[in-house]
Amino acid sequence: MQGLIQRVKHAKVEINNHVVGEISQGILLLLGVEKHDDKQTADKLLHKVSNYRIFTDENDKMNLSLKDIKGELLVVSQFTLAADTKKGMRPSFSSAATPSQANELYEYFVAQAKELGLTIATGEFGADMQVSLCNDGPVTFNLSV
C-alpha cells in the first residue's frame with residue numbers, strides 16, 4: 001500500500017466541476033493499493049499517516065502529527081501509485097490490486113480513519129477527479145508499509 005502525503009493549508013477534490021471533498025489544514029493522502037495489501041496493511045498505513053510528525057511545533061520543528069494539531073484528512077484513491085516504473089517508457093500496473101479489492105481496502109481505510117475520530121473528506125473511487133491543493137512547505141512524503 002502506497003500513501004503519498006502532502007501537508008496542506010487546504011485541498012479539495014472535484015468531479016464534473018462539483019466539489020465532492022474539501023479540507024482545511026491537514027493532509028492530502030493519495031492512496032494506492034497493491035495486490036498483496038490487506039486490512040492489516042491499511043491499519044499500519046493509517047497509523048503512520050495519522051501519527052507522522054510533519055507539522056511544526058512552537059520551535060518550528062516538524063514535531064506534531066495530524067492528530068496533535070486536530071487537522072483534517074482528504075483521502076483520494078490513486079491507482080497510478082501502484083505502477084512499476086523501473087524499466088521502459090510505459091508504467092506497468094501488474095502489482096496493482098483489482099478494482100474490487102482496491103475499493104474494499106479504500107473504503108475500509110476511510111472507515112477506520114473515521115473511527116479514530118479524524119475529520120475526513122474523500123474523493124470518489126475510480127472517478128475522473130481534479131485535485132487542488134495548497135502544499136504547505138512544500139512538504140511531501142511517500143509512505144510505504
Side-chain angles (χ1 to χ4, degrees), residues 1-56 61-69 71-145:
M1 191 168 268
Q2 297 288 323
L4 184 72
I5 61 171
Q6 297 182 66
R7 184 178 75 185
V8 298
K9 290 187 183 265
H10 55 84
K12 68 179 178 180
V13 178
E14 294 179 274
I15 299 173
N16 296 323
N17 297 316
H18 174 70
V19 176
V20 296
E22 187 169 18
I23 63 167
S24 56
Q25 182 184 25
I27 290 176
L28 167 62
L29 167 65
L30 302 176
L31 183 65
V33 182
E34 297 172 299
K35 286 179 182 174
H36 62 273
D37 294 332
D38 56 19
K39 289 180 178 179
Q40 184 178 19
T41 310
D43 290 340
K44 287 179 184 177
L45 183 62
L46 177 57
H47 178 77
K48 206 166 192 179
V49 168
S50 59
N51 291 288
Y52 213 64
R53 298 183 311 172
I54 64 171
F55 296 93
T56 56
K61 301 287 184 204
M62 279 195 222
N63 224 6
L64 301 174
S65 70
L66 184 68
K67 288 168 65 175
D68 293 331
I69 68 156
E72 299 176 287
L73 178 63
L74 176 57
V75 183
V76 178
S77 61
Q78 180 78 44
F79 169 73
T80 59
L81 281 176
D84 181 355
T85 60
K86 291 182 182 147
K87 60 182 185 176
M89 298 307 291
R90 182 174 177 193
S92 167
F93 297 102
S94 59
S95 66
T98 65
S100 62
Q101 177 194 9
N103 187 36
E104 181 182 325
L105 286 175
Y106 170 79
E107 294 294 336
Y108 175 81
F109 185 96
V110 170
Q112 293 304 108
K114 288 178 182 176
E115 286 286 318
L116 282 180
L118 297 175
T119 301
I120 303 292
T122 66
E124 182 180 311
F125 185 87
D128 181 18
M129 297 174 275
Q130 289 69 53
V131 180
S132 304
L133 66 134
C134 179
N135 190 320
D136 184 16
V139 173
T140 303
F141 294 96
N142 188 20
L143 302 180
S144 300
V145 290

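Between the side chain of Asn16 and the main chain of His18, no donor-acceptor pair closer than 3.5 Å is present. Remark: side-chain polar atoms of Glu72 are not paired, donor with acceptor, to backbone N or O of Gly26 under 3.5 angstrom. Remark: the backbone N or O of Ala82 is paired with a side-chain donor or acceptor of Ser95 at under 3.5 angstrom. No side-chain donor-acceptor contact under 3.5 Å links Asn103 to the backbone of Pro99. Not a single donor-acceptor pair under 3.5 Å links the side chain of Glu22 to the backbone N or O of Ala121. The closest donor-acceptor contact from the side chain of Asn135 to the backbone of Val139 lies under 3.5 Å.
Put simply, the side chain of Val33 does not reach to within 4.5 Å of the side chain of Phe109, judged on heavy atoms. Within the 4.5 Å cutoff, no side-chain heavy atoms of Leu46 are placed close to those of Asp43. By the 4.5 Å heavy-atom criterion applied to side chains, Val8 and Asp136 are not counted as neighbours. In this structure, Ile23 and Thr119 have side chains that are not in contact, with every pair of non-hydrogen atoms separated by 4.5 Å or more. In this structure, Leu4 and Gln78 have side chains that are not in contact, with every pair of non-hydrogen atoms separated by 4.5 Å or more. Looking at heavy atoms from C-beta onward, Leu116 lies in side-chain contact with Ser50 at the 4.5 angstrom threshold. Inter-residue side-chain proximity for Phe141 and Val49 is flagged as unmet; no heavy-atom pair is nearer than 4.5 Å. A 4.5 Å side-chain heavy-atom check between Leu66 and Phe55 finds at least one atom pair inside the cut-off.
Interatomic distance, CG of Leu73 versus CD1 of Ile120, reported as 4.0 Å (0.5 Å rounding). For the atom pair Leu143 CG and Thr140 OG1, the distance stands at 10.5 Å (nearest 0.5 Å). Summarising the geometry, atom NZ belonging to Lys12 is positioned 11.5 Å from atom CG belonging to Leu74; distances are rounded to the nearest 0.5 Å. The line from CG of Asp37 to CD of Gln2 is 8.5 Å long, rounded to the nearest 0.5 Å. Within the model, atoms CE of Met1 and CD of Gln40 stand 11.5 Å from one another, a figure rounded to the nearest 0.5 Å. One distance of note links OG1 of Thr56 with CZ of Arg7; it measures 5.5 Å at 0.5 Å rounding.
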Quick one: do Val19 and Glu14 satisfy side chain to side chain contact (heavy atoms under 4.5 Å, CB included)? Show the steps, please.
CA-CA 4 Å; Val19 176; Glu14 294 179 274; 3.8 Å; yes
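Under the rule for a side-chain hydrogen bond (donor to acceptor under 3.5 Å, both in side chains), the partners of Ser92 that lie at least two apart in sequence or sit in another chain are Ser94.
The nearest pair of heavy atoms linking Leu31 to Tyr106 is CD2-CD1, 4.0 Å. The shortest heavy-atom contact between Lys39 and Glu104 is CE-OE2, 4.4 Å.
For Lys48, the NZ atom counts as densely surrounded, since its 6.0 Å shell holds more than 12 non-hydrogen atoms of other residues, nucleotides or ligands.
In the model, Asp68 has a side-chain atom that pairs as donor or acceptor with a side-chain atom of Ser65 under 3.5 Å.
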Quick one: side chains of residues 122-134, donor-acceptor pairs under 3.5 Å with protein atoms, not counting sequence neighbours, listed by atom name and distance.
none

